[in-house]
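To start, the structure itself, in structure tokens.
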Amino acid sequence: MGVMEPRELPTWEMDRLPEPFGGFAAVLPQMRPGAPGKVGVLFLRFELRGGRTCLVDSYNTGPQRVHRVLYLDDRLQDMAFVFVQSVAGGILQGDRLAVEIQVGPGARVHVTSQAAVKIYRMEADYATQRTLVRVEESGYLELFNDPIIPYRGARFYNTVDIEADPTATVLYSEALTPGRVASGESFEYELIRTRLSARMSGGPLRALDVNVLEPRRFPTDSLGLFGAYTFVGSLLVLEPEATVGTVADSIERSVAQAVTVNTTGVSKLPRGDGAFVRTLGHSSEEVEKVIAVAWRSARHHLLGVGLPRVRSAKYGFELIDLEE
């Protein structure tokens with residue numbers, strides 16, 4: 001057996017921290033930010049071996065971990081499914097988290113969280129998570145995070161940087177709730193900032209999406225934010241060069257047929273090599289249904305198959321017909 005080269009682990013340190021977060025920096029009475037107990041690193045590398053996608057290298061410190069690879073789609077028997085679990089139950093003040101996912105040539109994988117991501121109440125400092133994604137030649141990745149639930153006073157900065165080969169395919173989805181609505185908390189968090197960027201390997205930027213939400217300073221029901229809605233979700237599709245310019249139209253038609261209220265936008269990326277979907281709703285279920293319809297359309301278009309039973313594996317039921 002050959003000797004594996006030492007991996008370079010992802011760093012939780014941000015290249016540039018937005019100004020508002022610097023004002024929240026504080027020494028926590030429990031444990032300082034960035035201390036060993038406050039840093040979490042998760043590294044995953046997938047490769048195609050023997051006709052199946054395998055998790056060939058992994059490393060973790062902190063709360064996030066992966067236990068085993070599953071194969072949930074009989075139509076794509078080479079595709080691996082991985083559920084990222086958190087033993088902490090959520091993200092705490094002072095947490096600094098980093099995730100790196102590498103997908104080797106020809107490998108196909110779906111990575112998702114086990115449940116909704118809770119951002120707990122913060123009385124000092126803030127929390128960050130940095131995700132790096134690299135997808136190599138003809139690789140295929142679906143990275144679908146469950147909705148974020150920010151508690152009262154939460155301050156969270158989340159960045160996702162995707163680098164994909166021109167022949168690779170990437171689908172990335174995220175969603176945000178207004179908070180613990182059942183407990184009377186709606187837009188009670190202090191600051192949520194997200195930054196999603198995607199670029200061609202060693203090449204130009206393909207997509208950039210930045211969101212800054214400060215409900216106490218800028219009411220979310222104002223024009224240009226949520227209006228009358230309270231939940232938001234998005235889906236980014238980076239299509240391979242062989243199908244460039246076709247997936248956005250397919251998604252737009254499917255969403256138009258399935259959605260009765262016009263709260264969803266579907267756009268082609270500036271270079272024409274993918275699509276971006278954003279939808280608003282009155283509930284998490286409304287938003288997740290639209291994202292599922294868009295995901296199903298993209299899968300039909302790119303893979304020729306419907307959706308896998310990922311939601312059934314997590315929650316025991318599906319929101320839409322998987323094959324329609």
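Just so it is clear, the values below take in all heavy atoms, side chains as well, and ignore hydrogens, waters and symmetry mates.
- The CG atom of Asp146 lies 9.5 Å from the OG atom of Ser173; values are rounded to the nearest 0.5 Å.
- Across Lys268 and Ala248, no two heavy atoms sit closer than the pair CG-CB, 3.4 Å.
- Remark: of the listed residues Ile101, Asp57, Val56, Ile101 is the sole one forming a side chain to side chain contact (heavy atoms under 4.5 Å, CB included) with Phe46.
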Residues 60-68, side-chain donor-acceptor partners within the protein, below 3.5 Å, at least two apart:
from, atom 1, to, atom 2, distance (Å)
Thr61, OG1, Val41, N, 3.3
Arg65, NH2, Gly62, O, 2.8
His67, NE2, Gln85, OE1, 2.9

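- Within the 4.5 Å cutoff, no side-chain heavy atoms of Asp165 are placed close to those of Pro105.
- Proximity of a side-chain donor or acceptor of Thr167 to a complementary backbone N or O of Ser138 within less than 3.5 Å is detected.
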Exercise. Start with the C-alpha gap between Val287 and Leu176, add the side-chain angles, then the distance that decides, and say whether side-chain contact (heavy atoms from CB on, under 4.5 Å) holds.
Key: CA-CA 9 Å; Val287 166; Leu176 177 67; over 6 Å; no
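- Both Leu307 and Val247 are assigned to one and the same hydrophobic cluster, defined by single-linkage of ILVMFWY side chains at heavy-atom distances under 4.5 Å.
- With sequence neighbours excluded, the residues forming a side chain to side chain donor-acceptor pair (under 3.5 Å) with Thr194 are Asn211, listed by chain and number.
- The only option from Leu302, Val170, Leu171 that meets the side chain to side chain contact (heavy atoms under 4.5 Å, CB included) definition with Glu239 turns out to be Leu302.
- Leu141 and Tyr71 fall within the same hydrophobic cluster, defined by Ile, Leu, Val, Met, Phe, Trp and Tyr side-chain heavy atoms under 4.5 Å apart, directly or through other members.
- If you chain together hydrophobic residues whose side chains sit under 4.5 Å apart, Phe317 and Leu72 fall into the same group.
- A donor atom on one side chain and an acceptor atom on the other are not found under 3.5 Å apart for His300 and Ser250.
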Quiz item: Going through the distances and angles, do Asp321 and Arg296 end up as a side-chain contact (heavy atoms from CB on, under 4.5 Å)?
Solution: CA-CA 9 Å; Asp321 186 288; Arg296 182 181 63 193; 4.1 Å; yes
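- In this structure the side chain of Leu236 reaches within 4.5 angstrom of the side chain of Leu269, judged on heavy atoms.
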Exercise. Begin with the C-alpha distance, continue with both residues' side-chain angles, and end with the deciding distance and a verdict on side chain to side chain donor-acceptor pair (under 3.5 Å) for Thr53 and Asp78.
Key: CA-CA 6 Å; Thr53 298; Asp78 63 306; 4.6 Å; no
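- Side-chain contact between Tyr140 and Val135: absent, with no pair of heavy atoms (C-beta onward) separated by less than 4.5 Å.
- A donor-acceptor pair is defined here as one N or O able to donate and one able to accept, closer than 3.5 Å; such a pair exists between the side chain of Arg206 and the backbone of Asp273.
- Nearest heavy-atom pair across Arg121 and Tyr151 is N-CB, 3.5 Å.
- For Phe231 and His282, the ring centers sit 6.0 Å or farther from each other.
- Looking at Phe226 and Leu280, their side chains come closer than 4.5 Å, going by heavy atoms from C-beta outward.
- In terms of heavy-atom proximity, Val103 sits nearest to Gly139 at CG1-CA, 4.3 Å.
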Quiz prompt | Test side-chain contact (heavy atoms from CB on, under 4.5 Å) applied to Leu205 and Ser197, step by step | solution = CA-CA 8 Å; Leu205 189 69; Ser197 72; 4.3 Å; yes
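- Side chain of Glu318 to main chain of Ser312: a donor-acceptor pair is present (N/O by atom type, distance under 3.5 Å, no hydrogens or angles).
- Annotation: cation-pi geometry satisfied between Arg96 and Tyr126 (NZ/CZ under 6.0 angstrom from ring centroid, within 45° of ring axis).
- Here the side chains of Thr279 and Thr263 are in contact, with some heavy-atom distance below 4.5 Å.
- Taken together through direct or relayed side-chain contacts under 4.5 Å among Ile, Leu, Val, Met, Phe, Trp and Tyr, Tyr120 and Met122 form parts of separate hydrophobic clusters.
- Residue Glu100 holds its CD atom at 10.0 Å from CG of Leu42, rounded to the nearest 0.5 Å.
- Under the 6.0 Å distance and 45° angle rule, Arg195 does not count as a cation-pi partner of Tyr157.
- Residues Arg271 and Pro204 form a side-chain contact, since some pair of their non-hydrogen atoms from C-beta on lies under 4.5 Å apart.
- Between Ile119 and Tyr189 there is no side-chain heavy-atom pair separated by less than 4.5 Å.
- Cluster annotation: Ile149 is not connected to Phe187 through the hydrophobic network of ILVMFWY side chains, with a link wherever side-chain heavy atoms come within less than 4.5 Å.
- Within the 4.5 Å cutoff, the side chain of Asp73 has heavy atoms near those of the Arg299 side chain.
- By the side chain to side chain contact (heavy atoms under 4.5 Å, CB included) test, Pro166 is found to be paired with Met200, Glu241, residues two or more places apart in sequence or in another chain being considered.
- In plain terms, the two heavy atoms of Ile320 and Val293 that are nearest each other are CD1-N, 3.7 Å.
- Summarising the geometry of Ile91 relative to Ala127, their closest heavy-atom pair is CG2-CB, 3.5 Å, with the distance given to 0.1 Å.
- Proximity of a side-chain donor or acceptor of Ser234 to a complementary backbone N or O of Val277 within less than 3.5 Å is not detected.
- Each of Leu191, Thr177, Leu213 was checked for a side chain to side chain contact (heavy atoms under 4.5 Å, CB included) with Pro150, and the lone residue meeting it is Thr177.
- Between the side chain of Lys314 and the backbone N or O of Ser113 there is at least one donor-acceptor pair closer than 3.5 Å.
- Within the 3.5 Å criterion, the main-chain N or O of Arg152 finds a donor-acceptor partner in the side chain of Glu185.
- Heavy-atom minimum distance, Leu225 versus Pro219: CD1-O, 3.5 Å.
- For Arg309, the CZ atom sits in a loose shell: 12 or fewer heavy atoms of surrounding residues, nucleotides or ligands are nearer than 6.0 Å.
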Practice problem: Could you go through the side-chain contact (heavy atoms from CB on, under 4.5 Å) check for Glu174 and Ile148 one step at a time? | Solution: CA-CA 8 Å; Glu174 63 185 18; Ile148 293 174; over 6 Å; no
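- Judged by distance alone, with hydrogens and angles left aside, the side-chain atoms of Gln93 form a donor-acceptor pair with the main-chain N or O of Ala124 at under 3.5 Å.
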